[in-house]
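Okay, so here's the structure we're looking at.
We use all heavy atoms of the structure for the numbers below, so side chains are in, but hydrogens, waters and symmetry mates are not.
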Amino acid sequence: MVLAKVVGSVVSTIKEPRLEGVRFLLLEKIDVKTLKGKKDFVVAMDAVGAGEGELVFYVSGSSSRQTEITAGKPSDAAIIAIVDSFDIQGKTIYSKSGLAGEPKRGPNRGVSK
Amino acid sequence: MVLAKVVGSVVSTIKEPRLEGVRFLLLEKIDVKTLKGKKDFVVAMDAVGAGEGELVFYVSGSSSRQTEITAGKPSDAAIIAIVDSFDIQGKTIYSKSGLAGEPKRGPNRGVSK
Amino acid sequence: MVLAKVVGSVVSTIKEPRLEGVRFLLLEKIDVKTLKGKKDFVVAMDAVGAGEGELVFYVSGSSSRQTEITAGKPSDAAIIAIVDSFDIQGKTIYSKSGLAGEPKRGPNRGVSK
Amino acid sequence: MVLAKVVGSVVSTIKEPRLEGVRFLLLEKIDVKTLKGKKDFVVAMDAVGAGEGELVFYVSGSSSRQTEITAGKPSDAAIIAIVDSFDIQGKTIYSKSGLAGEPKRGPNRGVSK
Amino acid sequence: MVLAKVVGSVVSTIKEPRLEGVRFLLLEKIDVKTLKGKKDFVVAMDAVGAGEGELVFYVSGSSSRQTEITAGKPSDAAIIAIVDSFDIQGKTIYSKSGLAGEPKRGPNRGVSK
């Protein structure tokens, strides 16, 4: 699965009939160390009620049909989880409530001597 | 799914029998911020009646067989929706009727002072 | 599906039993604008009787098992069509009979003033 | 399958119901010659009880559902083995107990003359 | 399928139960014109009894479960053939017995005038 941020949505009227009622969100993959967007975008079906600005992870390929909402649909990307937090080597990089983990730039970042 | 533009079509007489009657379109993936072609092309089966110049999104892999037109066929890419519009961070980047969203280049783009 | 040129073949004696009788061709992906090889190669099963030098498109992944020849075989790439012609924005880029579509380099390409 | 190191974990409360009880680990792919991280990350389901810092290999795509823990779940990456050791051309590059295989830099690396 | 060279092996004790008895080989993809390694590695299940140093091709994705040895296992890469030889544009690039096809560098390579 891949970590990404919900950045927008896509609207379509003329589409494969099985897509009726599905919500299409536009995701931007993120650099997991800096949380910045990687300018790499994907359109995903929303299986969890994600909202713009939220960090999520999505599943690709045939497994993106293994959710209640996407079963039997022509999906190759589905959002399956909204991220609460994640850590790397014991350090919290992201936490939905509060904030953490800008990339380290030096020993005295933001600290007056 | 991936956003792309229909830029052409492919004709084949000698092909796997199951492909009879399928329309093959040539898609160019787009940069979602500028709508420009990325010079990255894919041949996709058309499941929705898309026309040249239209913005669409297509589905890859086994899910590209999950449409009425492509079921049981050797497809790894199928157009499943014609895009009406999409937005990023509340800004309309593309709208089929009218136009929107050239990339911002400065505060006074196109506005005389 | 991806456009590629048949550039060679691969011979194997010791192989998975289900591969008996299958023809393995070496494909080079092409730049669809210039028709030049991209130095990106793949080994594909031949489902249509393609010959060296021909332009084809192949299907990847599980769908490459959806042909009469490859069904039930461990295939992740199968040639499913020999290309007669394809066009981009109304311009014929490739036509098997005759020739078309070198990239435009200037308004008077090959024309004496 | 791809060699990677467990570098962290991901926590999610709002998720597809089938994901209840699954452990999500954050993996960083490694350069197999130097064992260094490649700054290429993936979120994987843990099917073997892997811990942070361990070298593992994971399986992608539909096969990531072919484990006791991930069956029927929307998974596109699952850790299926903790690596004890691996070698390249007869040389042990990695061994979980003890250590081996830093990249060679010269004939007298770390040896006083 | 992709051409690669067997360069090593991977040992694991703690693994998904279905992997018992499977041999994991480390493959390095090759440049098909020069036969040199591309420093791009993958761990594959061995379905044909390949040995280190041999040129093989492997199959990715769900099709890597379509062999007698890998059926039902969480595999995304399986070696399905040991290559005897392959050619590009009529020129033998590789032949297991004897040797062929180093890249051409000049008209008199290795020939005294």
Side-chain angles (χ1 to χ4, degrees), chain C residues 2 4-30 35-47 50-56 58-67 69-80, chain E residues 1-4 6 27 29-36 38 40 42 44-51 54-71 73 75-97 100-101 103:
Chain C
V2 171
K5 199 175 183 174
V6 181
V7 295
S9 59
V10 183
V11 177
S12 168
T13 309
I14 301 173
K15 57 191 166 192
E16 222 283 331
R18 302 176 204 188
L19 298 181
E20 277 308 325
V22 176
R23 217 169 138 232
F24 296 103
L25 295 180
L26 190 63
L27 306 184
E28 184 175 12
K29 299 176 195 177
I30 61 157
L35 302 180
K36 286 189 183 159
K38 291 170 79 172
K39 300 191 194 306
D40 191 357
F41 297 85
V42 65
V43 178
M45 294 190 185
D46 180 20
E52 194 170 317
E54 283 187 310
L55 197 68
V56 300
Y58 69 93
V59 61
S60 296
S62 62
S63 287
S64 72
R65 299 194 306 264
Q66 298 278 338
T67 76
I69 286 174
T70 60
K73 298 195 192 311
S75 169
D76 64 6
I79 301 170
I80 54 171
Chain E
M1 284 69 69
V2 171
L3 290 165
V6 181
L27 306 184
K29 298 176 196 176
I30 61 156
D31 178 306
V32 302
K33 292 239 172 151
T34 65
L35 303 180
K36 286 188 182 159
K38 292 169 78 171
D40 191 357
V42 65
M45 295 189 185
D46 180 20
V48 293
E54 283 187 310
L55 197 69
V56 300
F57 61 78
Y58 69 94
V59 61
S60 297
S62 62
S63 287
S64 72
R65 299 194 307 264
Q66 299 279 338
T67 76
E68 290 173 14
I69 287 174
T70 59
K73 298 194 192 310
S75 169
D76 65 5
I79 301 170
I80 54 171
I82 298 173
V83 174
D84 292 335
S85 64
F86 74 86
D87 62 86
I88 296 182
Q89 291 165 352
K91 181 170 178 291
T92 302
I93 300 295
Y94 170 83
S95 174
K96 201 175 173 179
S97 54

* Asked: Considering only heavy atoms from C-beta outward, does the side chain of C:V10 approach that of E:V83 to under 4.5 Å?
  -> yes
* Structure fact -> Applying a strict 4.5 Å limit to non-hydrogen atoms, the region of C:A44 in contact with chain E is backbone
* Between C:E52, C:K39, C:R65, the one whose heavy-atom pairs under 4.5 Å with chain E are most numerous -> C:R65
* To do: Measure distances from C:I14 to the heavy atoms of chain E and classify the residue's part below 4.5 Å as side chain, backbone, both or neither.
  => both
* **Flag, side chain of C:E16 to backbone of E:E68, donor-acceptor distance under 3.5 Å** => yes
* To do: State whether the number of non-hydrogen atoms from other residues, nucleotides or ligands found under 6.0 Å of C:K5 atom NZ is greater than 12.
  => no
* Decide whether C:D76 and E:S63 meet the rule of one side-chain donor and one side-chain acceptor closer than 3.5 Å. => no
* Verify side chain to side chain donor-acceptor pair (under 3.5 Å) between C:S12 and E:D84, making sure each step is shown before the conclusion. => CA-CA 5 Å; C:S12 168; E:D84 292 335; 5.3 Å; no
* Structure fact -> In terms of heavy-atom contacts, E:T67 and C:P74 come closest through CG2-CB, 4.1 Å
* Structure fact -> Of C:L26, C:V6, C:L27, the largest count of non-hydrogen pairs under 4.5 angstrom with chain E goes to C:L26
* Between the side chain of C:S62 and the main-chain N/O of E:S62, is any donor-acceptor distance below 3.5 Å? -> no
* Under a 4.5 Å heavy-atom cut-off, does chain C meet the side chain of E:V59, its backbone, both or neither? -> both
* Which residues, numbered in order, of residues 18-25 of chain C come under 4.5 angstrom of chain E by heavy-atom distance? -> C:R18, C:L19, C:F24
* To do: Any chance you could measure C:F41, atom CZ, to E:D31, atom CG, to the nearest 0.5 Å?
  => 7.5 Å
* **Nearest-0.5 Å distance that lies between atom OG in C:S75 and atom CE in E:M1** => 4.5 Å
